[in-house]
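Taking it in order: structure first as structure tokens, then the write-up.
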Amino acid sequence: MYFRRHKLPASIVGLVLGLLCAVEAAKVNKHKPWIETTYHGIVTENDDKVLLDPPLIALDKDAPLRYAESFEVTVTKEGEICGFRIHGQNVPFEAVVLDKSTGEGVIRAKDKLDCELQKEHTFTIQAYDCGEGPDGANMKKSHKATVHIQVNDVNEYSPVFKEKSYKATVIEGKTYDSILKVEAVDADCSFQFSQICSYEIVTPDVPFTIDKDGYIKNTEKLNYSKERMYKLTVTAYDCGKNRASEDVLVKISIKPTCKPGWQGWSKRMEYEPGTGSLALFPSMHLETCEEPITSIQASIELETSHIGKGCDRDTYSEKSLHRLCGASAGTVELLPAPSSSANWTVGLPTDNGHDSDQVFEFNGTQAIKVPEGLVKTSLSEPFTISVWMRHGPGAREKETVLCNSDKTEMNRHHYSLYVHNCRLVFLLRQDPAESENYKPAEFHWKLDQVCDKEWHHYVLNVEFPTVALYVDGATFEPFLVTEDYPLHASKIETQLTVGACWQDNSGHDNDNETVSESLTGGSARMSQFFRGNLAGLMIRSGKLESKKVIDCLYTCKEGLDVQLPEEVATSVKVQFNPNQSSLTLEGDDIESFDKVMQHISYLNSRQFPTPGIRHLRVSTTVKCFNEETCISVPDAEGYVMVLQPEEPKISLSGIDHFARGAPEFESPEGVTLFPELRIVSTITREVEAEAEAEGEDDPTVQESVVSEEIMHNLDTCEVTVVGDDLDSEHESIEVDLAQVQQHGLEMSSSNVGVILTGVNTMANYEEVLHLIRYRNWHTEALFDRKFKLVCSELNGRYISNDFKVEVNVIHTASPVEHANVMMQPQFINPMQHASVDLSGHNLVNAHQASVVPSAATIVIVVCVSFLVFMIILGVFRIRAAHQRSMRDQENGKENEMDWDDSALTITVNPMETYEDQHSSEDEEEEEEESEDGEEEDDITSAESESSEDEDAGEPEDQQGTSRQQQLEWDDSTLTY
């Protein structure tokens, strides 16, 4: 029944039966217990029950001995097992016998097990029986069996990410299979619970997805302009569905599509005048998209062709520029700015601007004739022709720049400079000579510059039989030189013209286009008209222009500059063009190349540069190891904005009205016109007023204007007469020419005045203007002369105020003609002139005893006399205040108004130029103020007015006679 109930194997059942039979036969403990050799068990962590396979059962062949007397043999009662013993160090298990008679036992854990600490345990176990007798003697042990126990895991841990955050960078416009991988781990020991089964992006609506292995990729092409960085929240799940204890942040940066090129620079750069150099690319670097580079070549170009004549240059007159560049005297300007002394260019269209040079436009119908005698050029001597020219593709006809031809009849061209089919041609016909051999006559240059519509500087050094041409400072040899006979002897005068050639219709016909000149009449006409722009046309006789002067004339005042750092000076090669408008860099190291680019600057050395835009272009070529262009670097384009400079205000001040005696005008020294002249230049700046308390925004605070004095040069000062031109027979404006030259200036004079030219300081101009004198050696009919002074800078770009000076002539008379005012109360004025305001006059006379006083002197004397009278009257009234009544005082006032002027002699100059209107007004004011004055004063004023009225009605012949009988005021006894 027992065997059936427990379903023991047949072998065990047989063994047990055998043992039972043996018990009866032998009553001793002869056999060892028997157990399996190997056991496998499973235990769940946090539990102590171990499931063994096979079950733990120990068998013994011996019959039970301990209770043999009362042992009743049955199928369920064979031998007894007293226990199991586990062998091993720190084995966390114990074995317990459940039934001694059957030998059944179990293994259980002593404490809670942790799979994460130890997943498997292996040890040995041994069974022992109860021995013999009641005391258990002769106990038997079984063999040792190996036990393998696996600790089953419990999903007690959540996934944890290995990194606190993840970052990645992707390029826009690309779809990636994998951008980055996130990874989480689980501390559980089992495969099931320690494995991460899935990841999930928690952030909604993002163009990314993540797979079960943690790889993130984009689901659409990313756009840098739309989003520059995405921030994603990602979580993980283990296979037990436990979520990560803490989600992780993933940052994905979007990088613009890698495009090779220059980066890190601004397209607009502002240049403030007077600040020196401006760094153009302080943070610039070249992006090569990680391509292996072997060489780099870059060209930086500054576009200035629209500024002035190709770039910003000093805009002084061409004559002044030649002097600045060191050229000697003798240069004649054929296209000067229109003025009173140079009026032959008045009719030509100009650029109408003062920010740059005066540019003249020729459209095929305009031309000018240069005044006779202005240019004195002998073809046998060396001479130089220089001109700025801008010319585009022209017609097949000749276009003349400069021409010297016969005035009448023969129409011979002695020398000329013209353009024909984009070729520059210079014609030079020699004067008659003893030999009639062929000589070089026409020099041809084929130049691209002639027809490229850009400004170029041309200089021809003519020293027969050779002609040297310089274009923008570079020399060019003629490709063709033709010869011709010298001209035949002739007495025909020549005419120098600009923009066309002068010819007479009575001579040989000319097929060129012609336009009649309305000013000359007759059959004269112009031909071979020029179409383009000209400026700075000069002829210099007797000497050739040096290369140094030519370079100076062409050199720009603005350009590119670079200061190479020492560490890269040898690794990058730098080359400039002549006018520094472009430079080329060559190198093989990107880092060194970037440093050189960062040190490139724009520089404008002019004090008042031409404002406007200067375009910049950087062209780059990159090569790789195979010596072929591996990447294409696009051109980088920007511009420099030159700001408007503070415009100076040139102010002229000094004595503007004074009088001098006639002898001074007639003396060799003459009269100094500008003795106390001052030239001051100022600029105004807006300065923002500071608030009283820092950090407070006061809406009432306004910007204030501050005037600041500056120093700069002048290039012209012109003194002209106001009114009639100078009569060279009896008057002139003079200045010591040696002093003018010593101060580095030049002077030219005409019947309208004097012009000082030359680029020099305001102080030097002041000193020379102090020396200008006016002389007149026939002053009998001269009463005043007016002059105007105007100074300018930069060829009229900045012009001063009109400083006008009026000089009066004080005439003298012989002592025998003096008359006492008491003897002749009425003085004669032979001529009536408009009155002049005398305020501010400086009356100077070296011969006071013989001066004929002017109306101003009369007014002054009357005022002083009235003041003395009022003082005397006041003293008298004080003394009589306590003695007379108010009526007596008034009567006394009338009596006391008579004062003794027997010692006073008054002489009146009837030839005074001051206007009667102002004099009369002054006298009327005196009369109003002296209503209580003496009666004699009123009588004197009345006599003066009646005398003037009578003089106005006298005939002219009587005026001439009365001029000799004029009255004189003898003020020798008068104390002022």
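Worth saying up front: this structure is predicted, and the values here are computed from it rather than measured. Count residues from 1 along the sequence.
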Backbone N or O of [Y] within a donor-acceptor pair of the [X] side chain at under 3.5 Å?
| X | Y | result |
| --- | --- | --- |
| D588 | T294 | no |
| D188 | E156 | yes |
| R797 | F608 | yes |
| D238 | I196 | no |
| Y176 | I216 | no |
| T146 | T124 | no |
| S277 | S601 | no |
| S253 | T169 | no |
| D213 | Y215 | no |
| H306 | I613 | yes |

*Does atom CD of E591 have more than 12 heavy-atom neighbours, drawn from other residues, nucleotides or ligands, at distances under 6.0 Å?*
no

Test: [X] and [Y] ion pair at under 4.0 Å:
| X | Y | answer |
| --- | --- | --- |
| R614 | D312 | yes |
| E287 | K259 | no |
| E172 | K174 | no |

*Show the numbers, then the answer: is there a side-chain hydrogen bond (donor to acceptor under 3.5 Å, both in side chains) between W262 and T620?*
CA-CA 9 Å; W262 293 102; T620 310; 2.6 Å; yes

*Over all atoms of both residues, closest heavy-atom pair of K453 and R390*: O-CD, 3.4 Å

*Looking only at heavy atoms, which two atoms of S158 and D186 are closest? And how far apart?*
C-OD2, 3.9 Å

*Answer yes or no for R313 and Y554: cation-pi contact, defined as NZ/CZ to six-membered ring centre under 6.0 Å and angle to ring axis within 45°.*
yes

*Could you go through the ring pair (Phe, Tyr, Trp, His ring centres under 6.0 Å) check for H599 and F281 one step at a time?*
CA-CA 7 Å; H599 284 78; F281 320 113; over 10 Å; no

*Should the pair F161 and Y199 be assigned to parallel (<30°), tilted (30 to 60°) or perpendicular (>60°) ring geometry?*
tilted

Can you find a heavy atom in the side chain of [X] that is under 4.5 Å from one in the side chain of [Y]?
| X | Y | answer |
| --- | --- | --- |
| I293 | I590 | yes |
| T44 | V151 | no |
| L585 | I300 | yes |

*I would like to know whether Q449 and H456 meet side chain to side chain contact (heavy atoms under 4.5 Å, CB included); could you show each step before the answer?*
CA-CA 7 Å; Q449 292 90 330; H456 297 284; 3.5 Å; yes

With a 3.5 Å cut-off and no angle check, do the side chains of [X] and [Y] form a donor-acceptor pair?
| X | Y | result |
| --- | --- | --- |
| S295 | Q297 | no |
| H40 | D53 | no |
| T235 | D247 | yes |
| H615 | E637 | no |
| Y602 | E558 | yes |

*Passing option when Q126 is tested against H87, R85, H143 for side chain to side chain donor-acceptor pair (under 3.5 Å)*: H87

*Are the aromatic ring centres of F208 and Y230 under 6.0 angstrom apart?*
yes

*Compute the ring centroids of H148 and F123, then answer whether they are less than 6.0 Å apart.*
no

_Set out, in order, the CA-CA distance, both residues' side-chain angles and the distance that settles salt bridge (Lys or Arg N to Asp or Glu O under 4.0 Å) for K649 and E647, then state yes or no._
CA-CA 7 Å; K649 180 182 179 182; E647 295 193 1; over 6 Å; no

*Run the numbers on T233 and V248 for side chain to side chain contact (heavy atoms under 4.5 Å, CB included), then give the verdict.*
CA-CA 6 Å; T233 300; V248 71; over 6 Å; no

